[in-house]
Each structure stands twice: as structure tokens, then as C-alpha cells.
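Some notes on the structure that comes next.
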Amino acid sequence: MNRVLPVLTVLFAILVIWYGAAVILNRAWVLDQAARSGTEVGFGQMLHETMTQERPVLPAPHQVAKGLWDGIAGQKITSKRSLVWHAGVTLSATLAGFALGTAAGLLLAIGIVHNRAMDMSVMPWAIASQTIPILAIAPMVIVVLASLGIKGLLPKALIAAYLSFFPVLVGMVKGLRAPDGMQLDLLRTYSASQGQTLRMLRLPSSVPYLFASLKVGIAAALVGTIVAELPAGATAGLGARLLSGSYYGQTIQIWAALFAAAILAAVLVMLIGAAERATLKRMGFVR
Amino acid sequence: MVIEARHLNLTFPTDDGPVHALKDVDLIVEAGDFVSFIGPSGCGKTTLLRCIAALETPTGGSLTVRGMTADAARQARSYGYVFQAAGLYPWRTIAGNIRLPLEIMGYPKAEQAERVQAVLDLVELGQFGRKFPWQLSGGMQQRASIARALAFDAGILLMDEPFGALDEIVRDRLNEELLRLWQRTGKTIVFVTHSIPEAVYLSTKIVVMSPRPGRIAKVIESPLPRVRPLDIRDTPEFIRIAHEVRESLHEGGRHD
């Protein structure tokens, strides 16, 4: 109970501020309409009309909720108007990109920990890669790959991987170096090979770091996929839904798609969190 | 002889000039000996042990272990090493931890299981193989780490202050058990400690070391019998040796 109360309080505060903002931002249109038709609107009438517009500047929470509900439950999930269908398209590319990015981050981290030349050279490039705005590079990748005949899931997954490899790389470099001198000395007394040290000590020791990275990585992969869906007139995915919403001024559709993306991210991060808790407990890292 | 060091030197370069961690160390350890290195911190007792284990490389002199270089002796699985902390992997059971060196060294599966059970029984942890490290007390964890060092039948056991982090009551019991284990197995044990009673109680040979530069101040051969009940520590003989060790430590420190 004492955990629920603060959450509800914050939620309530957000709703109040949101409704207030909706009234303020949407009022101009109501007044403008009234002035054109030469009628007067009372306060109550005005309040009502700020929350029932079809294309409000800022949709009220219940409008977004309704849009979300219509998108999720009001359509067949095979329909192009279904948010579940669009989310499914985005999710498949996100997961593919996340898998690619995690594998790349892991391999690079193993290389960095075992090879001095890679240690010196890879990290600066990895950091530089993340300073390039993804919004700038995504359309180029999509267009170049499309001209090579590669379309659909793969280009989006590549953008997602480009964003999600980095947290895994940084976390795993630290994780693979987590064993202390004594633990490494112990394996030296057995004349263990580098591969054995990696398999029996470094990889298991890095598991807590891996999960922390995966949570950041999956969120980054989702962002990458949505950004990749924006250019080149994609017709499927939450990103495409955002884009078509903004073409036609369908603000409710935009917000519904945004919330769908946020819910998807939250579910993904929660799933990784659950896997993390179970794994760390099983491996004796937490009691 | 099992271990022989002649004019062993080890200098570390530091920002303040070279540090002489070991200077002209001569040492002979015979098979079946229980040798303790004792001295204040900075006397090089752990460094000397690490040289024997080929975890450090001496900068001068010669060192042989079972007639080989330290490196070759390690490759030949000549020794088990016990660290100050048990260092058990939390993701492995006690049996799994003891199996670790056996897996690395490629023992067949059936033999692994046999050996694990044998050393578990040896350190009186026979019932605890399936437990995880966090389910065991500190003393039991250290016993498990000794079992791990014994699992692959090395003739030498190198121990770096293995009971340093334990309380005195547990320590006494583990000392007693270690002596029994030594008598039963006939291993050669080299043991680093900074406790005078521990060194005198356990050792057939006490190597007193002193710092700056790290060197051997005196080697005391213990006249105590090999079978030692705990109350041997109240005999005049024991007290005389302890006194001699204390005097030598004092002598060694006087040059400071």
C-alpha cells in the first residue's frame, strides 16, 4: 500500500497537469471557431470542446486512452489499423536488432578484454559511433540497402543493432574484467587457458553486468527500430504509424502510437528484469 | 628436496626507485616438510610463496620446484594453492567448485566425481557437496578451498595466510585439522602466516623473514614431534620455540 500511494499520487498529478495543458493549448481553436460563427461559448462549453476535438493540439488523456484502446482491442490484429499488428512489426525488428547488437557487443567486449590492440582501438570508435545522430544516419542506411534490394526487417534490425550494441559493449568490458587478481591467480595456478578462464570465470562473473546492459540495450533497440521506420515511406510498424499520424495531423493517433511504444518498451524491460532476478538468484549473486 | 632457492632476488620497479621485495633468499624444503614463512608485512613472505607458484618471476638467482623451473612445475600440476579468501564461485556448488581444477585439467567425468567425494571426506565436508558457498560458514568455505587445492593430487600445498580472516576458535580447529590432513596425506606444505603460535604449532621448519629488503632472518628447525595435540602449546618446549621466533622477528626488525 505504501508503495502504491506515491505512484498513484504522481499519476494523478500528471493527469491534472495534462488536462490543464489540453485546455490551455486547445482553447485557441475553440475560440477561433466561435468567433467565425459569431457565437459565444460559455466556460463549460469551452471546457467540453477542448477535449472532444478530432485533431487537438494536445489530446486529452481519455482521448489518447480511447485511441489506444481502439487500436489495441477495437481492430482485428491483422488489420492495418491495429496497433497490435504495428507493434508486432516493430517488435520483430527490435528483437532481431537486439540479438544482433547484443552478439556484436559481446564479441567486441571479448576481443577488447583479450587483445591489447583492440583494447586501444575499438572503444574510441564505438563511442564515436554513438555520437552520430541516429536520425541522420538511419535514412541513408535504409535508402542504400533498399537500392541493393534489401528491404523489410533487416535494415531496421541493423539500425536497432547499431544503437543496442553499445551498452552491451561497455557493460561487458567491465563485466569481463570484474574478476579480481586472486580469482585470476587461482586459474593461473591450474595453468588454465584463456578460453577456459573466459568460460569458467569471466563470463559467469559478468552476468550481472550483462543484464544491466541488456535493459538499456533493448530500449535502445526499440528506439532504433522506430526511427528506422520513419523514413522512406514505411507502411508498417509503430514508427510508420507515428509518421502517417503527423502527415494527416492525427494527433490522437500519434499519441496512441507513442504510448504503444512506451508500453512495449516497459514490457520488454520488465521481461529482462524478471529474467535477471531469476538468473542472479540461481547463480548466487543475490540472496 | 622438493623446493630449492639459491640467492633468489626480486626487485619491483616503482616511481620511487626499485623495491627489493626479496634479497638473496636461500631456502630448502624437503619432501613431507611443513614449512612456515613468518614475518611482518612487507617482508616478502607472500612474494616468496608466489615465486614458488610461478605467479611472480624472480629477477635473480635460481629456484627449482621438484627439480624443475617454477613454471614447468606448475605445468606439471605440482602444487595446490590456497589463498587468504576461499574465493569459491557463488554459481557453483561446493562439489562444483572442487571440480573446477579437475575440469580445467581434463580429468574424465567419473574420476572427477570420485576425487571430489574423496577430498570432501578428507576435509570433513562429505555431506556438503550439493550446498552452495553462501550456505556454509567462513571456516567451512576455507576447508572447501583446501579440498579444491587437494583435488588433483599435487604433492605440494602452498597456503597464503589461509586462516588469516577467520576468528581464533575456528582457526584453532582448522589448524588441528590441517595437521591431521598433512600427516594422513604426506604432502609437503608451505604456509605463510603472521601468527607466531600458528607457525610454531604447525611447522617442522619456521622461516623467519624481515622487511626492507625482504630476506630470511633465521630458519628454525622445530624439535616438536609430528603428532601434536592442541595442548602442546602449553609445553615449555613450545614456549621456548615461540620465544625464539619472537626474538628473531625482533632482531630482523632492528635494522629499520
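The basis for the numbers below is simple: all heavy atoms, side chains too, and nothing from hydrogens, waters or symmetry mates. If you're wondering where the values come from, they're calculated on a predicted model, not measured in any experiment. Throughout, protein chains are lettered first and strands after them, A, B, ... in sequence-line order, and every chain is numbered starting at 1.
When all heavy atoms of A:G284 and B:P90 are compared, the closest pair comes out as O-CB, 3.7 Å.
The distance from atom CH2 of B:W91 to atom OG1 of A:T279, rounded to the nearest 0.5 Å, is 14.0 Å. The CD1 atom of B:I104 sits 5.0 Å away from the CG atom of A:L187 when rounded to the nearest 0.5 Å. Between the CD atom of B:E56 and the CG atom of A:D185 there is a distance of 8.0 Å, given to the nearest 0.5 Å.
A 6.0 Å sphere centred on CD of B:E168 holds no more than 12 heavy atoms belonging to other residues, nucleotides or ligands. Atom CD of B:E111 sits in a crowded spot, with more than 12 heavy atoms from other residues, nucleotides or ligands closer than 6.0 Å. Within a 6.0 Å sphere centred on NZ of B:K205, heavy atoms belonging to other residues, nucleotides or ligands number more than 12. Summarising the local packing, CZ of B:R184 is surrounded by more than 12 heavy atoms from other residues, nucleotides or ligands at distances under 6.0 Å.
B:F152 has its side chain within reach of A:Y190: a pair of non-hydrogen atoms, C-beta onward, lies under 4.5 Å apart. For the pair A:M200/B:R92, a side-chain contact is recorded, criterion being any heavy-atom separation below 4.5 Å from C-beta on. Looking only at side-chain heavy atoms (C-beta outward), A:R188 and B:R74 come within less than 4.5 Å of each other.
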Step-by-step side-chain contact (heavy atoms from CB on, under 4.5 Å) determination, A:L186 to B:Y81:
CA-CA 7 Å; A:L186 178 69; B:Y81 200 104; 5.6 Å; no
Trace of the side-chain contact (heavy atoms from CB on, under 4.5 Å) decision for A:S205 with B:Y89
CA-CA 9 Å; A:S205 302; B:Y89 293 174; over 6 Å; no
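For A:L201, the parts lying near chain B are the backbone and the side chain together; criterion is any non-hydrogen pair under 4.5 Å.
Between chain A and the residues B:G80, B:G87, B:P101, B:A54, the most heavy-atom pairs under 4.5 angstrom are made by B:P101. Between chain B and the residues A:T197, A:V207, A:T189, the most heavy-atom pairs under 4.5 angstrom are made by A:T189.
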